[in-house]
Number of protein chains: 4
Amino acid sequence: MSTADMPPAPSGRQRSDVRRNEQKLLDAAASVFVRMGIDAPVREIAAEAGLGMGTVYRHFPTRADLVVAVFRHQLDALAVAADNPAAADTPYEVLRRWVHRFADFLVTKHGLAEALHSDQAGFEALHNEFVERLLPVLDQLLKDSASAGCTRADVRAYDFMLAIGNLCIGVETFPDYQARRMIDLLLAGLTRTAPAPS
Amino acid sequence: MSTADMPPAPSGRQRSDVRRNEQKLLDAAASVFVRMGIDAPVREIAAEAGLGMGTVYRHFPTRADLVVAVFRHQLDALAVAADNPAAADTPYEVLRRWVHRFADFLVTKHGLAEALHSDQAGFEALHNEFVERLLPVLDQLLKDSASAGCTRADVRAYDFMLAIGNLCIGVETFPDYQARRMIDLLLAGLTRTAPAPS
Amino acid sequence: MSTADMPPAPSGRQRSDVRRNEQKLLDAAASVFVRMGIDAPVREIAAEAGLGMGTVYRHFPTRADLVVAVFRHQLDALAVAADNPAAADTPYEVLRRWVHRFADFLVTKHGLAEALHSDQAGFEALHNEFVERLLPVLDQLLKDSASAGCTRADVRAYDFMLAIGNLCIGVETFPDYQARRMIDLLLAGLTRTAPAPS
Amino acid sequence: MSTADMPPAPSGRQRSDVRRNEQKLLDAAASVFVRMGIDAPVREIAAEAGLGMGTVYRHFPTRADLVVAVFRHQLDALAVAADNPAAADTPYEVLRRWVHRFADFLVTKHGLAEALHSDQAGFEALHNEFVERLLPVLDQLLKDSASAGCTRADVRAYDFMLAIGNLCIGVETFPDYQARRMIDLLLAGLTRTAPAPS
DNA sequence: TATGAATGAGGTTTCATTCAT
DNA sequence: TATGAATGAAACCTCATTCAT
């Protein structure tokens with residue numbers, strides 16, 4: 001009932017062109033966001049994609065839509081990254097590894113950590129996207145680790161997620177800043193603070 | 001008889017007005033930076049100060065000059081905040097208190113933590129300002145604490161300072177984010193990781 | 001069947017509109033340059049053309065581009081003006097007529113002579129344009145006339161061209177100044193100075 | 001009645017200070033006009049004179065007043081330059097020498113020739129100044145030379161004066177332009193044109 | 001009388017967004 | 001559906017000019 005009553009017959013080909021364009025735009029935007037920040041001129045993104053500016057607006061009516069789409073796309077990979085626990089690790093090890101994978105993600109997608117705090121359009125949506133996709137994963141990892149007695153139980157996944165993200169900020173602009181060490185410090189702080197080894 | 005015995009002084013009153021205006025501008029800029037970010041229109045700052053735009057440029061020829069001035073002004077207070085050690089504390093306690101004072105500073109100067117990472121003009125100068133003023137203080141505190149055996153000695157003050165700053169980011173925009181808890185977590189990670197308390 | 005056999009052509013109509021706008025801009029700029037000088041506000045030119053300011057910048061990214069374009073367009077006509085020698089004239093007559101045509105050009109394009117000396121952006125380009133287009137023509141005319149024994153051979157076309165241009169300056173602003181008489185005086189000075197009245 | 005009822009007694013000293021300042025301003029303006037053109041910022045002139053901006057305005061309420069004053073000052077020297085005819089010269093030689101002296105003046109006061117055509121405030125006054133001071137001198141020289149049969153009688157001093165001025169334009173900006181040759185050409189055109197080849 | 005701080009109009013340029021083709 | 005030309009608001013920065021001291 002849906003596609004049937006459309007004009008001459010859009011033909012699968014056209015539809016796939018459209019999708020191809022959307023992909024081009026996502027890739028282009030990701031790359032441009034890195035190069036020029038999340039406030040990069042729309043024209044720049046269109047040019048990078050080899051498309052017209054109107055096409056950007058057709059696919060992503062607001063900048064927010066584009067921003068979210070760019071990163072949603074990249075979050076998918078991370079959301080499933082906790083699914084293969086690698087068997088014989090302690091829950092803390094699993095948590096630890098995921099956290100660093102998260103940091104990898106933020107750091108390699110240069111500028112993403114900073115972008116999360118942009119006060120521009122799309123900002124809220126972007127944040128929500130992260131929360132929706134990653135918070136459940138991290139929450140589970142924290143709970144597992146706490147249940148196993150490895151780590152504190154009084155740390156909220158939300159705070160922890162933002163903290164990790166924050167610690168990644170500035171890696172690019174301050175080349176001397178070693179975010180990884182600080183992330184490890186945060187992880188260390190998470191471990192059951194020695195109060196009673198016995 | 002009149003002008004002859006004056007110093008070159010071009011009327012003391014005027015000079016004090018000028019200084020008053022400079023202060024107005026610093027206050028206005030601090031407030032506007034918070035509201036609109038470090039890239040706020042100059043016109044906005046002028047308006048907030050109740051002065052003309054030209055006056056802003058007279059006092060601070062480049063945006064960098066203004067940005068640096070705004071924060072240098074506020075750093076002075078913090079740089080001396082470690083001078084009154086409050087006697088009977090452990091070095092770790094002193095460190096801990098200063099770190100929270102630093103966080104207070106960043107958080108109450110709403111937006112300042114974010115501003116530290118702006119990739120705009122004045123950015124480098126701002127960063128340098130922080131490094132020059134605060135790094136020595138923090139470095140000393142860390143060393144004292146490590147010497148006393150309270151904390152690790154393998155943490156660089158530079159990383160730690162940026163980390164604290166980073167953890168404060170987003171406090172305003174994500175009201176649910178509890179930066180203080182994360183700072184405490186980082187401080188906890190700093191403590192000599194309970195090799196054997198006994 | 002449809003798009004396949006078209007060239008890449010992005011709709012011929014659009015392109016012609018674009019060209020029409022460019023022409024509008026050239027006309028508008030020529031007119032405004034006369035009225036307000038070569039430094040006229042871009043906004044003025046846009047208004048005169050009935051277009052937006054952005055459009056000016058799209059077509060002519062720098063002021064120099066616009067300035068040069070305005071006059072290049074008008075130089076074309078002059079560069080070929082020496083091609084129809086009108087048969088039975090002496091080379092000196094031909095030279096004389098072209099010089100006055102050049103002066104006509106400068107004077108009727110009110111303000112152009114002055115514009116040639118603007119120390120603003122685009123100035124060098126404008127001068128070069130004149131040199132490239134007109135100098136060869138004038139040089140040939142001078143040589144022909146000198147070869148025929150009508151005029152001195154020791155006058156450089158470059159100096160002469162600038163001199164003609166200079167003599168046209170002020171025609172508008174000093175209504176009483178009769179540039180033509182001075183041009184004739186210069187031409188008279190060019191003739192083989194009374195070889196031997198004996 | 002006039003100076004008598006003034007305040008405490010301005011004292012000759014003060015008056016001479018005022019005059020000294022005026023001279024400072026004239027010198028400074030002349031120098032700045034050369035360096036930055038006739039539209040140079042007022043502040044620049046004040047700075048060059050080592051005085052406040054307000055003082056500039058006190059002495060020369062409009063820019064026109066300053067411009068005129070600067071050049072009037074320099075015209076005085078030229079106006080008398082024809083007074084010492086050096087005895088044994090032909091009137092044409094005297095004319096010729098004065099013309100080159102005029103050109104010297106324009107060329108060495110870099111930018112002055114161009115300034116004569118500025119469409120800015122003070123322009124008309126400047127032009128008038130030249131006319132009033134120099135036209136009588138040049139007119140007399142032309143008449144003397146014509147009376148002696150050296151040169152044409154049908155050339156108006158006004159046109160000739162402007163022509164000389166114009167030919168000096170661009171000497172600075174087009175280093176390759178040899179204004180002197182063109183002035184000589186104009187002078188050559190002035191000579192009784194090859195009496196009659198018949 | 002001299003000063004120079006303050007003002008703000010006016011120029012430049014950039015881009016987000018619309019819309020005719 | 002895709003295009004990119006056009007628009008114009010908005011930011012920047014520079015002085016001419018005023019006026020309190």
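Please read all numbers here as calculations on a predicted model, not as lab measurements. Lettering of chains follows the sequences in order, A, B, ..., and the numbering in each one begins at 1.
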ask   = Does the side chain of A:V56 come within less than 4.5 Å of A:L25's, by heavy atoms?
value =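 When only atoms from C-beta onward are counted, A:V56 and A:L25 do touch, with a gap below 4.5 Å.
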inquiry  = With a 4.5 Å cut-off on side-chain heavy atoms, are C:E48 and C:R35 touching?
reply    =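 The answer is yes, as the side chains (C-beta and beyond) meet within the 4.5 Å cut-off.
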To the nearest Å, how far apart are [X] [atom1] and [N] [atom2]?
X     : N      : atom1 : atom2 : result
B:F60 : F:dC12 : CZ    : P     : 16 Å
A:K24 : F:dA2  : NZ    : P     : 10 Å
D:R63 : F:dC15 : CZ    : P     : 11 Å
D:E44 : F:dA16 : CD    : P     : 10 Å
D:M53 : E:dT7  : CE    : C1'   : 11 Å
D:D17 : E:dT1  : CG    : P     : 12 Å
C:L51 : E:dT18 : CG    : P     : 20 Å
C:M36 : E:dG10 : CE    : C1'   : 11 Å

inquiry  = Here's a test of your reading of the structure: between C:V56 and B:Y57, which maps to the more 5' nucleotide of DNA chain F?
reply    =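 This one resolves to C:V56.
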request  = Could you check C:G50 against B:V42 and say which one's nearest nucleotide on DNA chain F is further toward the 5' end?
outcome  =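 Result of the comparison: C:G50.
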task = For C:A47, report the nucleic acid contact type (base, sugar-phosphate, nothing); a contact means any heavy atom under 4.0 Å.
result =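 It contacts nothing in the nucleic acid.
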ask   = Heavy atoms under 4.0 Å, any strand shown: does A:A49 hit a base, just sugar-phosphate, or nothing?
value =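 The answer is nothing, as A:A49 stays clear of every strand by at least 4.0 Å.
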inquiry  = Looking only at the side chain of A:V18 (C-beta and beyond, no hydrogens), which of the listed nucleotides E:dT7, F:dA6, F:dA2 gets closest?
reply    =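 The nucleotide sitting nearest to the side chain is F:dA2.
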query = F:dA16, F:dT1, E:dA9: which one has an atom nearest the side-chain heavy atoms of A:R58?
reply =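 Of F:dA16, F:dT1, E:dA9, F:dT1 is nearest to the side chain of A:R58.
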ask   = Between C:I45 and C:A28, what is the shortest heavy-atom contact and its length?
value =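 It is O-CB, 3.7 Å.
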query = What heavy-atom pair brings C:V34 and C:E172 nearest, and what distance separates the two atoms?
reply =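 So the two residues come closest at CG1-OE2, 4.4 Å.
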inquiry  = A:V67 vs A:F33, test: side-chain contact (heavy atoms from CB on, under 4.5 Å). Steps then yes/no.
reply    = CA-CA 9 Å; A:V67 169; A:F33 283 170; 3.8 Å; yes
ask   = Between C:G54 and D:T55, which is nearer to the 5' end of DNA chain E once each is assigned its nearest nucleotide?
value =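 The 5'-side residue here is D:T55.
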ask   = Starting at the 5' end of DNA chain E, which residue's closest nucleotide do you reach first, A:T62 or C:A40?
value =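 Upstream on the strand: C:A40.
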Would you say [N] has OP1 or OP2 under 4.0 Å from some side-chain N or O of [X]?
X     : N      : value
D:R43 : F:dC15 : no
D:N21 : E:dT1  : no
D:H59 : E:dT1  : no

query = Given that both distances must come in under 3.5 Å, which nucleotide forms a Watson-Crick or G-U wobble pair with E:dT21?
reply =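 By the stated definition (distances under 3.5 Å), F:dA2 pairs with E:dT21.
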